[in-house]
Amino acid sequence: MAKKIADLLVENLVDAGVKRIYAVTGDSLNPINDAVRRDGRLEWIHVRHEEAGAYAASMDAELDGIGCCMGSSGPGHVHLINGLYDANRSGNPVIAIASTITTDKFGMENFQETNIVKLFDDCSKYCVMANTPQQAANAFQSAIQHAIQMRGVAVVGLPGDVSEAEVKDITVASKNFYTNSIVTPGKQELAELAEVINSKEKVMLFCGYGCKDAQQEVMQLAEKINSPIGFSFRGKIFFDKIDNPYAVGLNGLLGSKSGFKTMQEADLVIMLGTDFPYTDFLPEENTMIQIDDKPERIGRRAKVDYGYAGKIKDTLEALLPMIIKKSDDEFLKDMRELHEDQEKKYASYVNERSKDKFIHPEFVASIIDEVATDDAIFTVDTGMSAVWAARYIRGKRNRYLTGSFNHGSMANAMPMAIGAGLSRPDRQVIALCGDGGISMLLGDMMTISQYNIPVKMIVFNNRSLGMVKVEMLVAGYPDWQTDMKNPDFAKVAEAMDIKAWNVEECANVKDIIQEALNHDGPALVNIFTDPDALAMPPRVDFNQIKGFAKSMGKLMLNGQTADVIDSAKSNMKYLKELF
């Protein structure tokens, strides 16, 4: 029996496990919209901007294994691109349908015409233009299969007339296949790996997102060899826990001194499931091992001596019986002592700032960590919000933290929270938003309101592009055009029927955040944080110090002495550590 292509698409999506579609309907997308309505098994989420829909679909994929977003002709599907870049780089299986003009209009620069394959090729694992009904029928199954197996985005270009057409003979499978193979290094490689680990005294485990399903095995290995555990930002939430006796913190741009120093002083660093991008923070003299289930990543960031292909859980399960228990724990104790000292310093910044005239963002982040549930899901904007999350949000029982950690886009936290809130309605979802980030996709707060998604948005409102400001200062530029004139975000939220508060005094921070988290429905807390608060990386070279001093001098020469003094006052503890 013949089926319309739009109906076949809906069947494919449902069978693959898709729960909802994020889209702005219109023109060439209307046949699919109608098919979704008639079928009734998929939820259509009407976002205000397709980029927000792509981010939300990416979160569906990150939490549930697959997500779907769509865009109509021309500008509609072009808007998807930034969110799809993020999903593809994060390894999230997203199906994107780029509907487009009818096939008879191709190649003549028609209204809203785009070249879909060229447009999406760089942000996808699979991209095809379906010019006929038969081609579309084949493409749907193949696209989904590519997305789930290659862990990324698959795009199908779908003309409006093809969506409405019928197809009789379908030669491809009617379902998709979620495989879960065991992947480990070979026997000889495992023996070599064990020999290297057994021969080294000071070993550090550096864990990324690839350790998500191997937390128990990582802890067992750390216990057996008395190894400190450092982590990337994506791996942090799984190991940065108060009861983890091996944690030594983050390394990288948002890292801590303990995480950086441990990596530098270890005899052997084992990189587990991380494609750590900050080459400047990696050591060059010690021995390095990298294990990843994507072997093409091995050695492209660091001077790796031994590289192995394998899933971290599978590999460690096979490896652990071959490891000789180490009795010397001096290196672990020394690095843990350094880490605990660093944590005390972070806590002291919070305690002192709680009495300041201005609300310091460190204080806000520490309060969120204190009052959020043990299984809360955090979505984090790129920029200073990510800094405070990196330093103050801890793992606890079953927390999850994510952001645009690979693509580094602004405006991701709020739309990611849409996907997280719909995928996990039983869990607390908290979006840590910068004022610059939330401004970019402000309209999709109305999506949160319309579907009553119970996410809690905490806006770190420092009235500036804070991370850009730091970048300019350490490079020797006076900060310019980083200031922001913001609307009253609380009033904006209230106009969208979202419960909201403004917070301008430290004394009110905890009570209002707690009230917002307890609110039955979406909520926003707009916190006016200190615009002069900076954050220093774990390693600062002389050129950065020189650049910082140079920029401060330029500001004073330009008559901004008061700004320099305010910045110094806000960051005295960090500046002491620099100089």
Side-chain angles (χ1 to χ4, degrees), residues 1-18 20-39 41-42 44 50 53-54 57 66-74 76-78 80-81 84 93-107 110 112-121 123-150 152-177:
M1 182 178 175
K3 291 182 181 179
K4 281 191 173 182
I5 286 297
D7 295 314
L8 181 63
L9 172 61
V10 171
E11 287 183 13
N12 273 259
L13 293 174
V14 170
D15 290 345
V18 172
R20 60 195 66 84
I21 294 167
Y22 300 92
V24 180
T25 195
D27 49 71
S28 57
L29 203 50
N30 289 336
I32 301 173
N33 176 292
D34 187 61
V36 171
R37 177 187 63 80
R38 287 184 285 103
D39 181 271
R41 289 177 291 173
L42 292 172
W44 186 284
E50 288 89 350
I66 194 164
C68 181
C69 58
M70 299 186 182
S72 59
S73 296
H77 59 242
V78 170
L80 294 170
I81 285 181
L84 293 182
V94 172
I95 310 303
I97 303 299
S99 69
T100 189
I101 61 174
T102 56
T103 52
D104 62 315
K105 304 294 185 185
F106 286 171
N110 268 281
Q112 295 191 329
E113 181 180 4
T114 64
N115 187 321
I116 285 174
V117 174
K118 283 187 176 180
L119 186 65
F120 290 99
D121 186 59
C123 64
S124 64
K125 298 289 190 294
Y126 177 92
C127 184
V128 66
M129 184 67 198
N131 292 298
T132 69
Q134 186 67 57
Q135 196 176 8
N138 295 342
F140 296 152
Q141 197 275 348
S142 187
I144 296 169
Q145 199 65 36
H146 274 77
I148 60 181
Q149 295 302 330
M150 298 183 72
V153 171
V155 180
V156 178
L158 195 59
D161 56 325
V162 174
S163 289
E164 294 180 306
E166 293 185 343
V167 63
K168 289 183 180 180
D169 298 321
I170 301 171
T171 59
V172 297
S174 59
K175 64 178 181 178
N176 288 97
F177 304 91

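Only this structure's heavy atoms are used, side chains among them; waters, hydrogens and symmetry mates stay out.
- With values rounded to the nearest 0.5 angstrom, I66 atom CD1 is found 6.0 Å from I148 atom CD1.
- Here the OH atom belonging to Y22 is positioned 13.5 Å from the CG atom belonging to L80, to the nearest 0.5 angstrom.
- Counting only heavy atoms from C-beta outward, the side chains of N33 and M70 never approach each other to under 4.5 Å.
- Atom CG of residue D7 and atom CD of residue E164 lie 11.0 Å apart, to the nearest 0.5 angstrom.
- The backbone N or O of M129 lies less than 3.5 Å from a partner atom in the side chain of Q135, making a donor-acceptor pair.
- Residues G74 and T114 come closest through the heavy atom pair CA-CG2, 3.8 Å.
- With hydrogens and angles disregarded, a donor-acceptor distance shorter than 3.5 Å links the side chain of N12 to the backbone of L8.
- Between F177 and Q141 the shortest side-chain heavy-atom distance falls below 4.5 Å.
- Counting heavy atoms from C-beta outward, I21 and I97 have side chains that stay 4.5 Å or more apart.
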Walk me through it: do V94 and C69 pass the test side-chain contact (heavy atoms from CB on, under 4.5 Å)?
CA-CA 7 Å; V94 172; C69 58; 4.0 Å; yes

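- For S163 against S28, the heavy-atom pair with the smallest separation is OG-O, 4.5 Å.
- Checking side-chain atoms of N110 against main-chain N and O of K105 turns up a donor-acceptor pair under 3.5 Å.
- When side chains are defined from C-beta on, N30 counts as touching T25, because their heavy atoms get closer than 4.5 Å.
- Put simply, OH on Y126 and CG on D121 are 12.5 Å apart, with the number rounded to the nearest 0.5 Å.
- Summarising the geometry of V36 relative to L42, their closest heavy-atom pair is CG1-O, 3.8 Å, with the distance given to 0.1 Å.
- For the atom pair CG (N131) and CG (L158), the distance works out to 10.0 Å, reported to the nearest 0.5 Å.
- V155 is not listed as a side-chain neighbour of H77, based on a closest heavy-atom distance of 4.5 Å or more.
- Residues D15 and F140 have side chains not in contact (no heavy-atom distance under 4.5 Å, counting atoms from C-beta outward).
- Q112 is listed as a side-chain neighbour of D27, based on a closest heavy-atom distance under 4.5 Å.
- Across all their heavy atoms, I116 and G157 have their closest contact at CD1-CA, 3.8 Å.
- A donor-acceptor contact shorter than 3.5 Å is absent between the side chain of E113 and the backbone of F106.
- Between V167 and I5, the closest side-chain pair of non-hydrogen atoms falls below 4.5 Å.
- Nearest heavy-atom pair, E11 versus R41, reported as atom, atom and distance to 0.1 Å: CG-NH2, 4.2 Å.
- Remark: the backbone N or O of T103 is paired with a side-chain donor or acceptor of D161 at under 3.5 angstrom.
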V172/Q145 under side-chain contact (heavy atoms from CB on, under 4.5 Å): CA gap, chis, key distance, verdict:
CA-CA 12 Å; V172 297; Q145 199 65 36; over 6 Å; no

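- Across every non-hydrogen atom of A96 and L84, the tightest pair is CB-CD1, 3.8 Å.
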